[in-house]
Amino acid sequence: MSTQAEPAISISGLRKSFGGSMALDGLDLTVAAGEVHGFLGPNGAGKSTTIRVLLGLLRADAGQVGLLGAHPWNDAVELHRRLAYVPGDVNLWPNLSGGEAIDLFGSLRGGLDERRREDLVERFQLDTSKKARTYSKGNRQKVAVVAAFASDVELYILDEPTSGLDPLMEAVFQDCVREVKAQGKTVLLSSHIFSEVEALCDRVSIIREGKTVESGTLAELRHLTRTSISIETAQPITGLEDLHGVHAVDLDSTRAKFDVDTAELDRVLRYLTRFEVRSLASAPPSLEELFMRHYGRDGHGAELETAQ
Amino acid sequence: MTAFTGTARLTRLALRRDRVQLPIWILSGVALLAATVSSTNQRYPSDADRIEVLRTAVDSPTLLMFRAAPTGSSTGTMAMFQILAFLAVVAGLMSTLAVVRHTRQNEETGRAEMLGATVVGRHAILTAALIVTVIANAVLSVLLGFTLVGNGEPASGSFAAAAAVGATGIAFAAIAAIAAQITQTSRAANGIAAAAIGAAYVVRGAGDALGEVQANGYTMVSAWPSWLSPIGWATEVRPFAGDRWLVLALPLALFAAGTGIAFALTVRRDSGVGMIPARPGPTRAAPRLLGPLGLAWRLQRGTLYGWAVTITLTGLTVGSLGNSLTGDNALPEGAANTINSLSGGDDGNLIDSLNTAMMGFMGMMAAGYAVQALLRLRSEEAGGPAEAVLATATGRSRWLGAHLTIAVAGALALLLLAGVSMGLVYGLSGDDLGGELAKLTGAALVQLPPALILAGFAVAAFGLLPRLTIGLAWAALAVSLILGQLGELFELPQVVRDLSPFSHVPALPAGELTVTPLVALAAIALTLGAVGMALFRRRDLAL
């Protein structure tokens with residue numbers, strides 16, 4: 001991605017605690033201008049807290065936080081003219097209609113693009129005459145998403161914006177993100193939907209317990225993890241289990257399925273050619289697998305150290 | 001599975017959730033009674049003392065309105081005169097808040113949906129709420145009864161009084177149960193229930209104020225309006241003066257009928273919605289809505305309209321009350337002294353004294369509105385849309401300032417309405433309409449600075465201790481009412497009374513206008529507001 005320009009978001013060593021509990025413990029995050037950045041982490045990892053610090057709603061205890069070249073706390077109002085935010089939990093005024101809420105957020109943010117508003121309401125199939133108290137979670141989210149994308153801003157901060165949307169609306173949402181990216185806008189997308197992050201994001205940061213554990217492009221992150229291989233050979237395979245970096249071997253004479261550390265892939269394939277390869281299928285690790293490896297099924301991310 | 005499956009579990013859950021709240025309500029009621037009984041016995045040790053003060057009271061419509069019609073000269077009847085109507089209000093508020101908390105509030109927050117998906121019958125939630133409320137009223141009644149017996153009162157009268165209070169509580173619980181089915185929000189349901197309690201208190205007050213003095217000159221029989229009010233039914237039991245247990249059939253019948261209606265309504269409506277369906281709204285926002293002030297007005301106007309109607313009706317009533325005391329109905333000297341001391345004014349025009357006392361309550365209502373309006377800040381912040389609003393180019397000062405503007409302008413408007421409505425009715429009966437209008441409007445407006453101190457206190461609490469704002473702000477209002485407006489009636493020492501901002505207001509129209517205290521009060525209000533605003537700008541949002 002373009003690194004010549006100043007990053008849209010630069011956070012280093014961010015700390016924030018509430019009472020006795022540490023929410024952010026030295027978090028780092030850099031989002032380059034013009035990129036779509038995926039922000040991943042399990043529930044309670046500190047994603048929303050980080051976003052609220054970026055928005056100047058919470059004050060950082062320690063660390064450097066830069067947002068669009070300014071200070072998120074001191075310059076909050078000026079910064080908020082240049083960004084749009086979709087909260088993870090969209091709360092609206094029960095007695096205002098969806099249309100009123102969209103116009104209100106647009107106006108409070110400094111104006112919205114009328115044509116774009118009309119277009120988005122149409123695409124998201126939102127009934128703007130309904131009172132907010134009658135909206136489902138998905139419809140409340142649509143109101144916030146429409147209000148955000150109808151605003152002409154430099155940065156979109158989206159906190160799990162699609163958790164209540166159906167697959168059709170999810171596709172519309174992805175189109176919207178691609179459109180603003182094509183215009184050179186920056187997007188910080190916190191999400192639990194891996195297919196969405198894989199489809200949209202240039203780079204990804206994964207956080208856990210208030211710290212950043214991985215950050216990079218998907219290709220870079222994949223390099224740290226395992227590729228699944230399914231192979232068929234002419235001669236029986238031997239010695240596969242003893243190779244460094246090979247895991248979860250399921251061997252049946254001339255057929256084998258196994259995972260291999262991506263860094264060891266080349267060496268393992270060279271070894272296998274001596275058995276005369278008939279067919280080979282390899283699957284790169286999905287983001288989901290990547291994520292699972294970091295948090296482990298036991299929730300402690302024990303495999304992280306071995307992978308590195 | 002029947003419609004009541006799960007009721008026992010839900011009842012235990014509700015009791016667990018209320019394990020602090022309900023005991024506080026109950027103990028407050030008991031403490032109120034105990035304090036009243038002991039102070040009454042001290043101040044009026046002999047039968048003759050009591051008869052003397054009651055002879056004065058029966059001539060004072062204001063006192064009868066706030067207390068009750070006296071029924072006798074014993075210590076028990078004297079305590080009832082002082083406190084029975086207040087205790088009925090306490091039981092009513094405790095009951096309505098509890099019922100709404102465990103019904104409509106559960107639905108509003110989505111908890112009822114989670115509960116409803118478990119093994120819980122259709123009627124279980126409402127039944128559990130009513131059971132908890134009945135238990136609370138029963139406990140309150142038993143403790144009140146023992147408190148009276150412990151003070152040497154006859155057991156029959158003691159428990160008649162206690163049962164009257166408890167029965168009033170459950171009667172209002174039934175009203176709250178219906179309100180919770182009709183409305184969609186707990187705010188609206190609590191509003192309807194509180195209005196019902198207020199109306200019942202006022203109707204009973206009218207019945208007592210218009211009551212007939214008996215031949216002995218110190219007991220009364222209330223007029224017919226008392227029989228229209230659940231609080232009136234409590235006083236009509238006449239504890240220690242006949243113990244008319246049969247009257248309790250009225251609140252119990254209301255409870256039975258009300259809960260029957262509420263259960264019928266639960267069957268007819270869907271979970272999560274009320275009986276009054278939401279109408280579609282506009283698809284586009286009107287230009288006047290677009291901005292922090294426009295939004296604050298839209299969110300607050302309903303509250304202000306409600307208070308405006310209440311304060312205007314009160315002003316009209318009080319204004320006409322003044323008329324009834326002029327001319328042939330002039331009060332005896334004792335009653336005049338009571339009203340004069342209540343108003344804090346010197347001896348003078350009795351009507352002015354009455355109006356002065358009333359202005360204190362008008363100021364209290366304006367303060368109540370301002371506090372309620374400012375607490376909207378907290379509900380918008382806690383799990384509300386404030387997070388999204390403050391993430392737009394709306395600064396914290398503008399957001400808070402918009403709500404503050406509505407609260408202050410609203411309080412001013414309410415006091416103007418109070419002064420004009422009182423002055424209009426009172427002035428029309430005399431020959432100096434313009435003069436009375438100006439005098440009473442001015443008298444109403446001097447109540448603005450102390451009302452603003454309570455508003456400033458609410459803002460300061462919001463800035464410093466956001467999670468405690470609601471409790472602190474209402475507590476400050478209640479303390480000001482008890483120390484200020486009612487301090488004289490409770491015979492509190494002047495130093496204690498001076499803690500209420502309302503104790504420092506010039507006693508208009510009875511007394512002289514002095515500017516210094518008003519300026520000082522306004523300065524304190526401004527300081528509190530500015531400090532609150534500065535603290536809010538510096539703190540984390542407490543979402």
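Keep in mind that the numbers below use all heavy atoms, side chains included, and drop hydrogens, waters and symmetry copies. Just so we're on the same page: letters track the sequence lines, and every chain starts at 1.
The choice from A/Leu108, A/Val86, A/Val77 that makes the most heavy-atom pairs within less than 4.5 Å of chain B is A/Leu108. When each of B/Arg398, B/Glu380, B/Arg284, B/Arg298 is scored by its heavy-atom pairs under 4.5 Å with chain A, the top score falls to B/Arg284. Interface remark: of the candidates B/Gly291, B/Ala542, B/Gly395, B/Gly291 forms the most heavy-atom pairs closer than 4.5 Å to chain A. When the candidates A/Leu55, A/Asp127, A/Leu58, A/Val153 are compared by the number of heavy-atom contacts under 4.5 Å with chain B, A/Leu58 comes out ahead.
Atom CG of A/Asp152 has 12 or fewer neighbouring heavy atoms from other residues, nucleotides or ligands inside a 6.0 Å radius. Heavy-atom contacts from other residues, nucleotides or ligands closer than 6.0 Å to CD of A/Glu179 number more than 12. Around CD of A/Glu118, the count of heavy atoms belonging to other residues, nucleotides or ligands within 6.0 Å does not exceed 12. Atom CZ of A/Arg115 is surrounded by 12 or fewer heavy atoms from other residues, nucleotides or ligands within 6.0 Å. Applying the 6.0 Å contact sphere to CZ of A/Arg178 captures more than 12 heavy atoms from other residues, nucleotides or ligands. Within 6.0 Å of CZ in B/Arg301 there are more than 12 heavy atoms belonging to other residues, nucleotides or ligands. Open room surrounds CD on A/Glu122; 12 or fewer heavy atoms of other groups in view lie less than 6.0 Å from it.
Interface residue A/Arg117: only side-chain heavy atoms are found under 4.5 Å from chain B. The contact between B/Leu295 and chain A is made entirely by side chain atoms (from C-beta outward), counting heavy-atom distances below 4.5 Å. Residue contact with chain B, scored on non-hydrogen atoms closer than 4.5 Å, involves the backbone and the side chain of A/Thr128 alike.
A/Tyr85 and B/Glu387 make their closest contact through OH-OE2, 2.6 Å (heavy atoms, listed as atom of the first residue, atom of the second, distance). Listed here is the closest heavy atom pair of B/Ala391 and A/Leu83: O-CD1, 4.0 Å. Considering every non-hydrogen atom in both B/Ala393 and A/Arg81, the closest pair reads CB-CG, 3.5 Å.
Judged purely by atom type and a 3.5 angstrom limit, A/His80 uses its side chain to pair as donor or acceptor with the backbone of B/Thr392. At distances below 3.5 Å, at least one donor-acceptor pair connects side-chain atoms of B/Arg396 with backbone N or O atoms of A/Leu57.
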Going by atom type alone, with no hydrogens or angles, which donor-acceptor pairs under 3.5 Å involve a side-chain atom of residues 466-474 of chain B and a protein atom two or more places apart or on another chain?
residue	atom	partner	partner atom	Å
B/Thr469	OG1	B/Leu465	O	3.4
B/Thr469	OG1	B/Pro466	O	2.6

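To the nearest 0.5 Å, atoms CG (B/Asp540) and CG (A/Asp61) are separated by 7.5 Å.
Among residues 90-105 of chain A, the residues having any heavy atom closer than 4.5 Å to a heavy atom of chain B are, in sequence order, A/Asn91, A/Leu92, A/Trp93, A/Asn95, A/Leu96, A/Ser97, A/Gly99, A/Glu100, A/Asp103, A/Leu104, A/Phe105.
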